[in-house]
Amino acid sequence: MFWDDVYKGTPPWDLNHPQPVFQALIQNGEIKPGRALDIGCGRGENAIMLAINGCDVTGIDLAEEAVSDAKVKAIERHAEVSFAIGNVLQMDRLLEENKFDIVIDSGLFHVIRDEDRPIFTQQIHRVLKDGGKYFMLCFSDKEPGEYELPRRASKAEIESIFSPLFDIIYIKDAVFDTLLNPRSRKGYLLSAVKS
Ligand SMILES: C[S@@+](CC[C@H](N)C(=O)[O-])C[C@H]1O[C@@H](n2cnc3c(N)ncnc32)[C@H](O)[C@@H]1O
């Protein structure tokens with residue numbers, strides 16, 4: 001499987017520290033202690049950071065290798081996180097509804113295929129409590145270059161995909177930190193509330 005293969009090495013998003021954007025959301029109080037889910041959690045840096053900051057965290061990812069590394073990392077850092085191998089498009093098989101105050105997504109949305117986007121948004125909506133918040137970081141259409149994947153989203157595209165099920169608080173310019181050269185890539189941060 002593609003995602004297991006990429007974790008045989010160090011993929012460009014695998015920073016070995018949390019995305020600064022999500023750290024800032026903790027620091028400015030937009031993410032408060034509560035039940036949090038990290039979808040496409042990879043090797044777990046963001047999930048572990050949320051747990052260290054008082055959240056009760058679940059992380060899910062398709063890639064077995066990544067989830068097993070995340071579990072080891074959490075133990076090493078004395079962070080309690082419930083990591084599971086799972087497909088975000090089938091979270092109804094894994095997680096009860098109305099369970100989480102917060103869902104975070106660092107680089108998952110922009111790898112989801114167009115045809116899967118409706119089920120993707122429904123699955124996130126389903127696991128959030130009423131009034132629960134979704135924070136999503138993706139590459140933006142302001143990011144230059146010829147590469148096709150992951151796709152760069154426009155604000156209008158993000159709005160049209162999420163507004164049927166969410167009230168959008170903001171979509172703002174954000175830095176997507178990577179191991180590429182240059183490291184900092186242009187992204188959008190979405191903050192949205194389950195409606
Ligand atoms: C760009 S990586 C970001 C990983 C992590 N959030 C981070 O910031 O390091 C996208 C992640 O989503 C996972 N993924 C892709 N499709 C998925 C799906 N349908 N369900 C769950 N995880 C998925 C991949 O295995 C990968 O770990």
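Keep in mind that what you see is a predicted model, and the values were worked out from it rather than measured. Basis for what follows: all heavy atoms, side chains included, without hydrogens, waters or symmetry-related copies.
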remark   = CZ (Arg185) and OG (Ser140) are apart, to the nearest 0.5 Å, by 11.5 Å
Aromatic ring proximity, centroids under 6.0 angstrom, His125 and Phe162 = no
key: Check ion pair Glu157-Arg151 (N to O, under 4.0 angstrom)   = no
query = Transitively linked via ILVMFWY side-chain contacts under 4.5 Å: Phe109 with Tyr170?
reply = no
message = Looking at every non-hydrogen atom in both residues, tell me the closest pair between Leu179 and Pro11 and how far apart they are.
response = CD1-O, 3.7 Å
request  = Treat each ILVMFWY residue as a node, draw an edge where side-chain heavy atoms are under 4.5 Å apart, and state whether Phe83 and Phe22 are in one component.
outcome  = yes
task = Indicate yes or no: at least one non-hydrogen side-chain atom of Trp13 is less than 4.5 angstrom from one of Thr178.
result = no
request  = Mark yes or no for whether Thr58, through its side chain, and Leu37, through its backbone, hold a donor-acceptor pair below 3.5 Å.
outcome  = no
query = Taking side chain as C-beta onward, heavy atoms only, is Phe100 less than 4.5 Å from Val57?
reply = no
query = Which pairs count as salt bridge (charged side-chain N to carboxylate O under 4.0 Å, His left out) when at least one residue sits in residues 164-173, sequence neighbours excluded?
reply = Lys142-Asp173
ask   = Can you check whether Lys186's main-chain N or O pairs, donor with acceptor, with Glu143's side chain at less than 3.5 Å?
value = yes
query = How far apart are the C-alpha atoms of Lys71 and Glu76, what are their side-chain angles, what is the distance that settles it, and do they pass the salt bridge (Lys or Arg N to Asp or Glu O under 4.0 Å) test?
reply = CA-CA 9 Å; Lys71 286 180 179 170; Glu76 284 169 359; over 6 Å; no
query = More than 12 non-hydrogen atoms from neighbouring residues, nucleotides or ligands closer than 6.0 Å to CD on Glu80, yes or no?
reply = no
query = With the 4.5 Å side-chain cut-off for hydrophobic clustering, are Ile171 and Phe120 part of the same group?
reply = yes
message = Ignoring hydrogens, what is the shortest heavy-atom contact between Ile26 and Leu50? Give both atom names and the distance.
response = CD1-CD2, 3.6 Å
ask   = Would you say Ile169 and Phe135 make side-chain contact, with heavy atoms under 4.5 Å?
value = no
remark   = One should read off an interatomic distance between Ile48 CD1 and Cys55 SG, to the nearest 0.5 angstrom, of 13.5 Å
Exercise: identify the closest heavy-atom pair between Gly40 and Asp61 = C-OD2, 3.1 Å
query = Which value, rounded to the nearest 0.5 Å, describes the distance between Met1 atom CE and Leu62 atom CG?
reply = 5.0 Å
Residue pair Asn53, Gln23: steps toward the side chain to side chain contact (heavy atoms under 4.5 Å, CB included) verdict = CA-CA 10 Å; Asn53 284 279; Gln23 288 179 301; over 6 Å; no
task = Using modelled atom types only, decide if a donor and an acceptor are shared between the side chain of Ser195 and the backbone of Leu165 within a distance under 3.5 Å.
result = yes
query = What closest approach, in Å, do His17 and Asp177 show between heavy atoms, and which atom pair accounts for it?
reply = CE1-OD2, 3.4 Å
request  = Apply the side-chain hydrogen bond (donor to acceptor under 3.5 Å, both in side chains) test between Asp101 and each candidate in Arg35, Lys133, Lys129; give the one that qualifies.
outcome  = Lys129
message = Nearest 0.5 Å, please: how far is CG in Leu25 from OG in Ser191?
response = 7.5 Å
ask   = Is a donor on one side and an acceptor on the other found under 3.5 Å between the side chain of Arg152 and the backbone of Phe139?
value = no
key: Test side chain to side chain contact (heavy atoms under 4.5 Å, CB included) applied to Glu64 and Asp4, step by step   = CA-CA 7 Å; Glu64 288 182 32; Asp4 275 315; 3.9 Å; yes
query = If you look at every heavy atom in Gln123 and Asp92, which pair is closest and at what distance?
reply = NE2-OD1, 2.7 Å
query = Looking at side-chain heavy atoms only, is the closest gap between Met49 and Ile52 below 4.5 Å?
reply = no
remark   = Here the gap from Ile102 atom CD1 to Glu30 atom CD, rounded to the nearest 0.5 Å, amounts to 10.5 Å
query = Which atom pair, heavy atoms only, marks the closest approach of Thr10 to Arg43?
reply = CA-NH1, 4.3 Å
query = When clusters are formed by joining ILVMFWY residues with side-chain heavy atoms under 4.5 Å apart, either directly or through shared neighbours, do Leu128 and Leu189 land in the same one?
reply = no
task = Would you kindly say whether Lys194 and Asn98 are connected by a side-chain donor-acceptor distance under 3.5 Å?
result = yes
inquiry  = side chain to side chain contact (heavy atoms under 4.5 Å, CB included), that's the test. Do Met91 and Glu97 meet it? Break it down for me.
reply    = CA-CA 9 Å; Met91 288 195 290; Glu97 55 189 317; over 6 Å; no
task = Apply side chain to side chain donor-acceptor pair (under 3.5 Å) to Tyr188 and Asp141, showing your working.
result = CA-CA 9 Å; Tyr188 283 129; Asp141 54 355; 3.0 Å; yes
inquiry  = Rounded to the nearest 0.5 Å, what separates atom CG in Asp116 from atom CD in Gln122?
reply    = 11.0 Å
Within one Ile-Leu-Val-Met-Phe-Trp-Tyr cluster: Leu190 and Ile112, side-chain cutoff 4.5 Å = yes
query = So, the side chain of Lys32 versus the backbone of Gly29: is there a donor-acceptor pair under 3.5 Å, distance only?
reply = yes
Validation row: Ile104, Ile39 side chains within 4.5 angstrom (heavy atoms) = no
request  = Given ring pair (Phe, Tyr, Trp, His ring centres under 6.0 Å), test Phe176 with His110 step by step and report yes or no.
outcome  = CA-CA 12 Å; Phe176 200 127; His110 67 192; 5.6 Å; yes
inquiry  = Determine whether Asp38 and Ile60 satisfy the following criterion, side chain to side chain contact (heavy atoms under 4.5 Å, CB included), listing intermediate values before the conclusion.
reply    = CA-CA 6 Å; Asp38 183 0; Ile60 75 163; over 6 Å; no
Minimum side-chain heavy-atom gap Asn46-Cys41 below 4.5 Å = no
